[in-house]
Amino acid sequence: MLAITKTKKYIFFCFAIIFLIIKNYHELWFDEVQAWMLVNFSTHLFKDIPLEGHPPLWYILLKLVSFFSNHIYTLILTHSVLVLTTFYFLIKITKNKTLLFFLFTNYFLFYEYGILNRHYILSLLLGCFFLYSITQNPPHRLKAYLSHTLLYFSTPFAYFIAFFTTFIFSKKNWVYLGISLFLAISLALYMLPSTDSAIYHMNFFHFSEQRVFLIFQKFFKAFFPFPTLQVSSWGTNFLDHKPLLQTFLGVFIFIWSLFFFKKKPKLLQLYFFLQITMAGFIYVKDLNEIRHYGHFFLIFLFCILYLHTYEKKINSFFLNLVLITQSLSCLYFVFLELNYPFSNASKLAKIIKKENISTVYVDNYFSTISLKTYLPQTKLIYLGTTKQVKYASYQKGYLGKVYITSLKQNLYHTALDNETTKNLGVFYLITTLDIEYMQSRFKIEPIVVLSPTIYSKENLKLYKVFAQTD
């Protein structure tokens, strides 16, 4: 393995500065801050973690750093350190400077799992460290065993990757194989309460041809994640209007990727098995939407990096096209981050502070969590449906009072009428809904209507509402 040269050090230093600047521009949203809220407010952390549907390593790490400070920037700093450490090991693994540039500007490595403060960075870091350990001469077995074991506890995707690679990696090391299988079974039993999986609802044997097509469409998106050219473009793809073409291209890319490893039969078998496993897991897990499809590409990328340790040059026009598209997608989202909000939470928080508003009713769950991050002293009262309030055991710790209604249209006729009219007379409401049906009951004064964000096309609105009195 090559040492880190001065050139690579300069590249890493420049990358770190650019990364931290862009990271500072990023506006936090629901999925990023929910884990942080959980570890700071949950009174039964290890009972609540399974409800999240993710292994416990990220929550344990956040709990440890929260002892030093419970400020939200502690989360951002922790995630930034993990990202920079991941790219440090990528530098040590990668010999080719051109490939290194494409890795540093890769959409999933830099933006989706780098700028966004999610737990997926743990699997990337552990994967890089594992790859670094086994490609040393001689291999660092102890470090490899440690990183491979921790993969179980990082993300659901890494759990399955660690489980199925155990039989190859252990190489008749029966002690490690036994420990690994014990951890896998124990963790699976621990995570069973997760309610967002088809396994929980016992309908995972139901075959859907449409979902198979969706898998290949997502496979295409994972390799070519270039979005539609609009502000609210996160999660979109430039070929979303042509699903059949996406399906065909997804099948083509899958077959092409198999031929890419034909010279390394064992690597080919591993790659094929991991992709099929990942497709099966995504098919089973996500009932309403196939999400986090970027792992299709990340499996391919790590196999490429492993192959790269044995072959100095990997020439492929189509591979270069994939890497260039990934970099262009990354640069496009960096442009959006520098010019547009991701969730409107920080902008709305500034307005609420300026207006000296102490209590706000919010009917949007995602907005409530994001706002609470920027308004720790403001009383936010969430108005939601029973389906939305799934984890009330710990959410009430940071959401405060929670009104639960069965129908969205009845929300204002129950919670607002019965509580606000009697006690406040004047109240503030944050909503994404149209409020024509409220205007016959209340006098409404709009304070601000915020434009759509990178994440959502919805307009977030802040109203001052005057309850009518007889």
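Counting begins at 1 with the first residue of the sequence. Below, all heavy atoms of this structure are taken into account, side chains as well, without hydrogens, waters or symmetry copies.
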Any donor-acceptor N or O pair under 3.5 Å, side chains [X], [Y]:
{"X": "Y374", "Y": "E27", "result": "no"}
{"X": "Y59", "Y": "H119", "result": "no"}
{"X": "Y132", "Y": "S147", "result": "no"}
{"X": "T228", "Y": "Q230", "result": "yes"}

Problem set entry | Intermediate values then yes/no, ring pair (Phe, Tyr, Trp, His ring centres under 6.0 Å), F223 and F300 | CA-CA 9 Å; F223 281 73; F300 173 77; 5.2 Å; yes

Exercise. Could you go step by step and tell me if S154 and Y159 meet the side chain to side chain donor-acceptor pair (under 3.5 Å) rule?
Worked result: CA-CA 7 Å; S154 59; Y159 172 91; over 6 Å; no

Exercise. What do the steps show when you test F110 against F104 for ring pair (Phe, Tyr, Trp, His ring centres under 6.0 Å), and what is the final call?
Worked result: CA-CA 6 Å; F110 184 94; F104 275 35; 8.9 Å; no

Can you say whether the rings of [X] and [Y] are parallel (under 30°), tilted (30 to 60°) or perpendicular (over 60°)?
{"X": "F261", "Y": "Y271", "result": "tilted"}
{"X": "F318", "Y": "F252", "result": "perpendicular"}
{"X": "F216", "Y": "F254", "result": "perpendicular"}
{"X": "F226", "Y": "Y332", "result": "tilted"}

Verify, without hydrogens or angle tests, whether [X] (side chain) and [Y] (backbone) share a donor-acceptor contact under 3.5 angstrom.
{"X": "S66", "Y": "K63", "answer": "yes"}
{"X": "Q326", "Y": "N106", "answer": "no"}
{"X": "T166", "Y": "L177", "answer": "no"}

Exercise. Ring pair (Phe, Tyr, Trp, His ring centres under 6.0 Å) between F219 and F224: does it pass, once the steps are laid out?
Worked result: CA-CA 9 Å; F219 200 88; F224 291 91; over 10 Å; no

Exercise. Strictly under 6.0 Å, is that where the ring centroids of W234 and F342 end up?
Worked result: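 They qualify: ring centres under 6.0 Å apart.
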
Exercise. Taking the six-membered ring for Trp, are F108 and Y120 ring centroids under 6.0 Å apart?
Worked result: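 Here the rings of Y120 and F108 have centres that are no less than 6.0 Å from each other.
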
Problem set entry | Sequence-distant partners of F12, ring-ring contact (aromatic ring centres under 6.0 Å, His included), two or more places apart |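 With sequence neighbours excluded, F12 shows a ring-ring contact (aromatic ring centres under 6.0 Å, His included) to no residue whatsoever.
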
Exercise. With a cut-off of 6.0 Å (strictly less than), are more than 12 heavy atoms of other residues, nucleotides or ligands near OH of Y88?
Worked result: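 For Y88, atom OH is not crowded (no more than 12 foreign heavy atoms under 6.0 Å).
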
For this session: Drop me the distance from L122's CG to H54's NE2, to the nearest 0.5 angstrom.
Result: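 Taking CG in L122 and NE2 in H54, the distance rounds to 12.0 Å.
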
Exercise. If you measure from CG on L124 to OG1 on T86, what distance do you get to the nearest 0.5 Å?
Worked result: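 L124 CG to T86 OG1: 6.0 Å, rounded to 0.5 Å.
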
For this session: Could you please spell out the steps behind the side chain to side chain donor-acceptor pair (under 3.5 Å) verdict for N344 and T453?
Result: CA-CA 7 Å; N344 267 332; T453 64; 5.4 Å; no

Exercise. Is the closest side-chain heavy-atom distance between H26 and I76 below 4.5 Å?
Worked result: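 SC-SC contact between H26 and I76 ruled out.
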
Problem set entry | Pair listing, salt bridge (charged side-chain N to carboxylate O under 4.0 Å, His left out) test, anchored in residues 236-246, at least two apart |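 Pairs touching residues 236-246 that pass the test: K221-D240.
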
Problem set entry | Worked verdict on Q246 versus N237 for side chain to side chain donor-acceptor pair (under 3.5 Å) | CA-CA 10 Å; Q246 281 186 336; N237 186 268; 3.1 Å; yes

